[in-house]
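Reading through the structure tokens given below for one structure.
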Amino acid sequence: MKKTSGGGEYVPQDRGDRMRPRASHPRYWQLKLLLQKLRHVTESALIPTGGKLLDYGCGDRPYESLFRTKFEEYIGADLPGNDKAELTIGRHGEVPQDDESVNCVLSTQVLEHVEDPAAYLSEAYRMLEPGGYLILSTHGFWPYHPDPTDFWRWTMDGLHRQIGQAGFEIVLTQAVFGLTSVAIQLWQDATSGFLPPRLRKFYVSFIQAIIGWIERRDPDKCSPNASVFVVLARKVRGPMSAG
């Protein structure tokens with residue numbers, strides 16, 4: 001939902017209010033549940049209060065107010081051209097931040113847009129203090145959405161392996177949507193464009209209401225067929241070899 005870290009310029013877009021989407025928003029329940037999962041991680045006792053958080057690919061900093069309730073300092077890093085970022089990411093994803101100098105790295109809906117996920121996670125590992133935390137969300141099933149590029153999708157096992165190879169221990173995994181909700185969401189995305197604009201809003205609201213009914217039946221499930229995975233990981237050791 002942001003950009004690639006492999007060079008280029010930041011692409012300004014109207015991404016809306018991700019913490020308070022309208023009920024007729026085509027991503028209403030995805031955004032609502034993603035916020036709930038991020039809040040659960042933030043408010044838990046797993047992560048110590050205080051310290052410094054770096055938002056790696058911060059975009060328009062949609063969750064800043066949430067994470068400022070946990071961390072004393074919030075720093076945004078992004079590609080050249082984003083005036084909301086304090087730090088500018090280099091062409092290979094590098095951040096002008098000292099080694100082992102932050103307590104937490106935040107990455108929300110960025111990993112699918114980076115050209116080299118291993119290099120991106122390695123840079124997050126470098127900046128984190130020993131025992132520091134990575135909070136990361138990215139896509140399982142989801143339509144193509146370039147911002148300005150879109151490279152990757154993960155299974156839960158694949159994402160765990162990718163993060164583990166960078167030297168992190170998985171602490172917690174949460175999922176947004178199960179297979180039924182994913183199927184209905186994709187149906188909405190495939191069909192809503194055929195409707196005239198004045199009907200599309202009501203159609204989307206109806207579909208989102210169905211998804212909400214499904215998701216409220218089992219709010220704590222962690223489906224391997226999710227649209228979004230939210231992972232909390234801890235820096236514990238050196239990166240694994242590729243083998």
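Residue numbers run from 1 in the order of the sequence given.
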Donor-acceptor under 3.5 Å (E86 side chain, G76 main chain):
yes
Does the plane of the ring in F177 sit parallel, tilted or perpendicular to the ring in W142? Use 30° and 60° as the thresholds.
tilted
Run the numbers on I135 and F67 for side chain to side chain contact (heavy atoms under 4.5 Å, CB included), then give the verdict.
CA-CA 11 Å; I135 302 171; F67 287 96; 3.7 Å; yes
Within the structure provided, determine whether W154 and H160 are in side-chain contact (heavy-atom separation under 4.5 Å).
no
Keeping the roles fixed (side chain from H139, backbone from V228), state whether a donor-acceptor pair exists under 3.5 Å.
no
Tell me whether L179 shares a hydrophobic cluster with L34, the cluster being built from Ile, Leu, Val, Met, Phe, Trp, Tyr side chains joined at under 4.5 Å.
no
Does the side chain to side chain contact (heavy atoms under 4.5 Å, CB included) test come out yes or no for Q174 and V41, once each step is laid out?
CA-CA 9 Å; Q174 300 185 95; V41 171; 3.5 Å; yes
Pair K70 + E43: basic N to acidic O under 4.0 Å
no
pair D150-H113: side-chain heavy atoms closer than 4.5 Å
yes
Can you tell me if R200 uses its side chain to pair, donor with acceptor, with the backbone of S192 under 3.5 Å?
yes
Contact check, side chains of I47 and F71, non-hydrogen atoms, under 4.5 Å:
yes
Can you confirm whether R27 sits close enough to D189 that some side-chain heavy atom of one is under 4.5 Å from a side-chain heavy atom of the other?
yes
Side chains of L121 and L136 in contact at under 4.5 Å (non-hydrogen atoms)
yes
Using a 6.0 Å cut-off, check whether atom NZ of K52 has over 12 heavy atoms from anything other than its own residue.
yes
Determine, step by step, whether E94 and E123 satisfy the side chain to side chain contact (heavy atoms under 4.5 Å, CB included) criterion, reporting the C-alpha distance in whole Å, the side-chain angles of both residues, the deciding distance to 0.1 Å, and the verdict.
CA-CA 7 Å; E94 65 274 18; E123 183 70 353; 4.0 Å; yes
Are any non-hydrogen side-chain atoms of L54 and L87 less than 4.5 angstrom apart?
yes
Looking only at heavy atoms, what is the nearest atom pair of Y74 and R61, with distance?
CD2-NH2, 3.2 Å
d(M156 CE, S223 OG) to nearest 0.5 Å is 7.0 Å
Below 4.5 Å, heavy atoms only, C-beta onward: do W29 and R216 meet side chain to side chain?
yes
Take T42 and Y63, measure what side chain to side chain donor-acceptor pair (under 3.5 Å) needs, and give me the verdict at the end.
CA-CA 11 Å; T42 306; Y63 302 109; over 6 Å; no
Any luck finding a side-chain donor-acceptor pair between Q208 and Q188 under 3.5 Å?
yes
Any side-chain heavy-atom pair from S227 and Q185 closer than 4.5 angstrom?
no
K235 side-chain N/O to L128 backbone N/O, donor-acceptor pair under 3.5 Å
yes
